[in-house]
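Data block below; observations after.
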Amino acid sequence: MKEKYFPTEIETKWQKRWADEKAFEVTEYSERPKFYCLEMLAYTSGRAHIGHVSNFAIGDVLSWYKRMRGFNVIHPFGWDAFGQPAETAAIKDGTDPEKFTRDAIAYMKWQFQRMGLSYDWSREIATCDPEYYRWNQWFFIRMWERGMLYRKLSPVNWCPKEDVSLSNEQASGGVCWRCGTPVIQKELMQWFAKITDYADQLLDGLDALEGQWPDRVITMQRNWIGRSRGAHVRFEIPECNESVTVFTTRIDTIFGANAIVLAPEHPLVEKVIAGRSEAGEVRAFAEKLKQEQRAGRPDELDKHAIFTGAYAVNPFNNEKLPIWIANFVLIGYGTGAIMSVPSGDQRDFEFSRKYGLPFRQIKLTADGREIEAEALEEPNEDWTITVNTGQWSGLASEEANRLMTEYAEEKGFGKSAVTYRLRDWGISRQRYWGTPVPMIHCGSCGTVPVPDDQLPVLLPKGVNLKVQGGSPLDHVPEYVNVTCPKCGGAARRDTDTMDTFVDSNWYYFRYCDPHNDKQPFDPRKIAYWLPVDQYIGGIEHAVMHLIYTRYWSKVMRDMGLVSFDEPISRLLTQGMVCKETYRCPNPDHDWLFPEQVTPEKTCSLCGRAVEIGRVEKMSKSRKNVVDPIEMIDIHGADALRLFVLFAGPPDKDKEWSDTGLEGAARFLQRVWRVARRWADQLPGDLNETTELNNHSRKLRRRTHQIIRSVTENMEERLHLNTCISSLMELTNEIQAFDTEVEKQGAAAETDAAVAREAVEALIRMLAPFSPHIAEEMWEAYGHQSSLVCAAWPEFNDVLAREEEIEVAVQVNGKLRSRVYASVEATEDELRQKALADEKVKAAAAGRDPFKVIVVPQKLVNVVFK
RNA sequence: GCCGGGGUGGCGGAAUGGCAGACGCAGAGGACUUAAAAUCCUCUGGCCCAAAAGGCCGUGCGGGUUCGAGUCCCGCCCUCGGCACCA
């Protein structure tokens with residue numbers, strides 16, 4: 001072993017060797033049980049950041065660990081390569097999105113390879129490869145055939161000057177990012193996937209994920225799906241011979257209704273105002289509400305409403321209810337119409353107060369009082385006891401709710417119903433850089449899919465992206481003008497591309513069979529590798545990506561391609577890496593780089609005191625990003641990986657610290673020195689019963705204790721930060737042992753054997769975290785084959801056992817003393833020892849203890865009254 | 001507003017009802033060195049006490065359960081994240 005540890009040299013050597021030996025490539029032909037370790041697809045932003053290091057380091061540790069535990073570990077990698085930023089860059093700088101993306105992949109791959117991650121690169125995919133997106137198209141057609149896809153008019157952000165659709169980001173602030181024109185909403189015919197058909201399955205499937213997925217992700221998904229059980233109730237509108245159906249979860253409050261309120265887009269609006277003098281005014285008001293809503297002002301809290309002049313009839317009591325239109329009723333939820341019950345709902349309460357509609361109390365307060373409706377200061381949304389509700393008065397609300405629903409069903413004006421917050425998934429994008437929709441619109445045959453043998457529909461190259469009027473693909477005649485596959489007549493190709501969430505729905509299925517040109521994947525390979533055993537990624541994907549991919553997976557199940565319900569068994573959402581920010585009060589300087597801040601915390605440009613911002617997510621605009629490659633150049637990938645994992649638990653946010661990274665590097669240096677001390681010593685025999693001197697016995701015991709604790713933390717909780725702490729402790733133990741050996745002069749043969757056992761355990765347990773240095777030391781210890789083939793160290797409970805343990809002695813729950821005993825000491829022995837203790841005797845003052853609690857090997861609590 | 005995390009030394013964090021502060025960072029002192037760096041050793045929650053011994057306090061705040069609470073229960077406060085007029 002060299003005297004000094006040079007990370008760059010070692011890391012280059014082992015990265016090359018792993019690549020040459022294809023060390024991390026796997027097949028499904030194995031005796032070992034499989035383990036699928038997956039990190040989220042990397043977006044091709046152009047540059048790796050510390051968040052990537054953290055995400056991938058977690059997955060890499062787990063892959064290494066499972067490999068050493070005898071699993072056949074698939075650990076693949078790929079690129080989320082389609083999407084808007086490449087197209088935006090192209091419009092701004094005139095680059096080609098494909099070139100932009102390929103360059104980004106090349107550079108980022110180089111960066112990730114310098115981190116020494118144990119990926120099976122032979123399975124690498126990029127979603128912009130025709131070999132990949134071809135199968136998006138194939139799935140699209142299969143979904144369409146199954147009635148899972150349909151087209152409908154749906155609004156998009158639209159720039160009226162350039163006549164192009166804009167993403168929310170491009171329309172931020174309500175103006176077009178290119179020309180500053182105020183954005184309007186335009187209805188376009190777009191593709192939707194019927195995810196709502198699977199709402200129940202997606203909701204109920206979450207039960208099985210409890211304990212395996214973070215609680216907050218499960219809760220967020222439940223809320224996102226938002227199943228709500230209630231009833232549809234039909235209200236007749238005699239004057240125009242129509243009826244309106246509302247959805248309510250509280251039919252038991254229907255006697256308190258004071259109005260029917262429609263969403264401004266509701267189709268009945270035109271019918272109820274037809275022929276009325278106020279029709280023009282109401283229509284204009286509805287239009288205004290539509291614009292307001294679509295301009296998307298989330299802080300809009302005021303209720304805006306207008307009376308249409310028409311009335312509906314409450315089927316329970318034949319009361320006439322005025323029909324209103326209001327901004328707080330949404331066309332996309334329920335039936336787009338509600339009954340307003342001001343005494344039972346916050347929104348209805350605000351609406352009714354503002355417009356002076358009457359109140360009626362229809363249930364007791366939570367504390368059982370009946371109060372004057374007009375005296376209500378807030379609505380009562382509780383389930384209590386009904387009052388003033390005709391024949392249902394005096395019932396528990398839940399009971400009334402059930403009976404009144406039954407009554408409505410009997411009488412034929414209502415029905416129990418379930419609605420969801422979840423809406424169908426719009427997958428159309430009017431953009432260039434995405435998967436082309438493989439459909440053709442024919443004047444005589446309608447919408448016709450491109451035949452399978454003509455897939456992929458290739459994205460044309462050299463397209464002008466800075467067009468006005470529709471999508472860039474609309475302006476490529478040779479792309480648009482096709483013959484109908486059915487009738488051979490002239491037809492028009494659909495020019496939409498797909499949402500990139502389609503790409504990420506099934507990429508991890510493709511990893512299992514990445515080069516298949518006959519089908520998206522061989523179902524037999526999926527049956528072997530899937531479900532994913534551990535998925536690791538950012539919390540920002542808690543809802544959309546992770547619902548869409550669950551949905552896709554269920555559709556594939558129904559197509560007979562896969563046989564499981566849930567594709568991801570365990571999920572870990574890693575925290576962000578954050579860093580302090582600095583800001584100069586001078587607006588010309590604003591955010592500062594750390595090197596622009598003097599040690600006195602003043603701005604190096606103007607000398608003013610710098611505001612130290614809170615620790616926040618790294619971002620370019622705040623100038624608090626750390627470049628991983630810079631850090632690797634200084635301290636090595638091993639140290640960087642170790643630090644990001646040591647900084648905190650994987651699922652919590654972590655704070656970047658330069659000195660923390662230095663600490664990690666210093667630790668690796670120490671491990672190196674400790675290992676070097678014993679690398680060339682010939683060890684004697686060592687077995688479970690070998691007689692050892694004191695310091696050897698102690699090191700051996702600590703070695704086995706630490707193997708046990710690291711193993712448990714790996715298996716049960718993925719508390720990687722505490723695993724690293726334990727490795728540091730083991731290193732400290734070996735160092736202390738070395739000092740003892742120095743004191744004695746010469747090392748005994750058994751000393752060398754015990755030291756070797758400890759160092760080799762340390763090396764093997766360090767491998768998942770800092771694999772390069774571990775490999776180098778392993779080789780120096782005379783092992784011919786790589787650690788990739790090494791086994792995780794086993795602990796021996798007998799050797800880990802303490803000879804004498806310290807037992808805390810409490811008097812009335814307060815720590816007062818300590819006694820020493822053997823591990824085998826019985827409860828009674830511990831009790832006697834504690835009672836004999838001077839402190840306990842003093843506290844007793846002659847009394848007998850009221851109670852003595854003994855926790856074996858830990859503590860004795862002596863209680864006096 | 002709703003939902004979900006979280007609040008522990010100077011800092012990052014540890015502790016699955018049983019000795020709070022493991023491990024690391026930062027800091028102080030010492031050894032080695034002509035010197036520095038590196039390395040090694042020691043100390044480092046607060047308060048009382050000249051010091052030691054010893055004692056008291058201490059996990060956001062207030063209650064509770066328990067022999068025993070950072071951990072469990074109830075009520076607050078603060079903070080971060082997600083969603084947001086979802087009937």
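Just so it is clear: chains get the letters A, B, ... in the order the sequence lines come, proteins before strands, and each one is counted from 1. Heavy atoms only: backbone and side chains are in, while hydrogens, waters and symmetry mates are out.
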Which part of the nucleic acid, if any, lies within contact of A/Q810, taking any heavy atom under 4.0 Å across all strands shown: a base, the sugar-phosphate backbone alone, or nothing? base
Assess A/R673 against A/Y5: is NZ or CZ under 6.0 Å from the centre of the six-membered ring, and within 45 degrees of the ring's axis? no
Remember a base hit wins even if backbone is also touched, and classify A/R222 as base, sugar-phosphate or nothing at under 4.0 Å, heavy atoms. nothing
I want to verify a distance call: between B/A26, B/A14, B/G18, whose nearest atom is closest to the A/K858 side chain? B/G18
Any strand is fair game: report the nucleotide pairing with B/U66 by Watson-Crick or G-U wobble, both distances under 3.5 Å, or none. none
A/Q574 side chain to A/P650 backbone, donor-acceptor under 3.5 Å: no
Contact class for A/G663 vs. all strands (heavy atom < 4.0 Å): base, sugar-phosphate, or nothing? sugar-phosphate
B/U42 and B/A22: how far apart are their P atoms, nearest whole angstrom? 15 Å
Checking all strands, does A/N223 fall into the base, sugar-phosphate, or nothing category for heavy-atom contacts under 4.0 angstrom? sugar-phosphate
pair_partner(B/C23), Watson-Crick or wobble, both distances < 3.5 Å, evaluates to B/G12
Side chain of A/I853, heavy atoms from C-beta onward: which of B/C19, B/U16, B/C67 has the nearest atom to it? B/C67
Across the strands shown, which category fits A/D653 at heavy-atom distances under 4.0 angstrom: base, sugar-phosphate, nothing? sugar-phosphate
Backbone N/O of A/F255 and side chain of A/R360: donor-acceptor pair under 3.5 Å: yes
Give one of base, sugar-phosphate or nothing for A/N721, where a contact means two heavy atoms less than 4.0 Å apart. sugar-phosphate
Under a 3.5 Å limit for both distances, which nucleotide forms a Watson-Crick or G-U wobble pair with B/G29, could you say? B/C41
Within the 4.0 Å heavy-atom criterion, would you say A/P649 contacts the bases, only the backbone, or no part of the nucleic acid? sugar-phosphate
Pick base, sugar-phosphate or nothing for A/V863, based on heavy-atom distances below 4.0 Å to the nucleic acid. sugar-phosphate
Indicate, with a heavy-atom threshold strictly under 4.0 Å, whether A/S657 touches base, sugar-phosphate, or nothing. nothing
For A/F247 and B/C86, what is the distance between atoms CZ and C1' respectively, to the nearest whole Å? 9 Å
When we call it a touch if two heavy atoms are under 4.0 Å apart, what does A/R670 touch: a base, just sugar-phosphate, or nothing? sugar-phosphate
So A/R227, base contact, sugar-phosphate only, or nothing? Heavy-atom distance under 4.0 Å. nothing
Taking atom CZ of A/F850 as the centre, report whether more than 12 heavy atoms of other residues, nucleotides or ligands fall under 6.0 Å from it. no
I want to verify the glycosidic state of B/G10; is it syn or anti under the 90° rule? anti
Base partner of B/G81, which must satisfy Watson-Crick or wobble distances under 3.5 Å: B/C3
Say you draw a straight line from CD of A/E210 to CG of A/D215; how long is it, rounded to the nearest 0.5 Å? 6.5 Å
B/G58 pairs with which nucleotide, Watson-Crick or G-U wobble, both distances below 3.5 Å? none
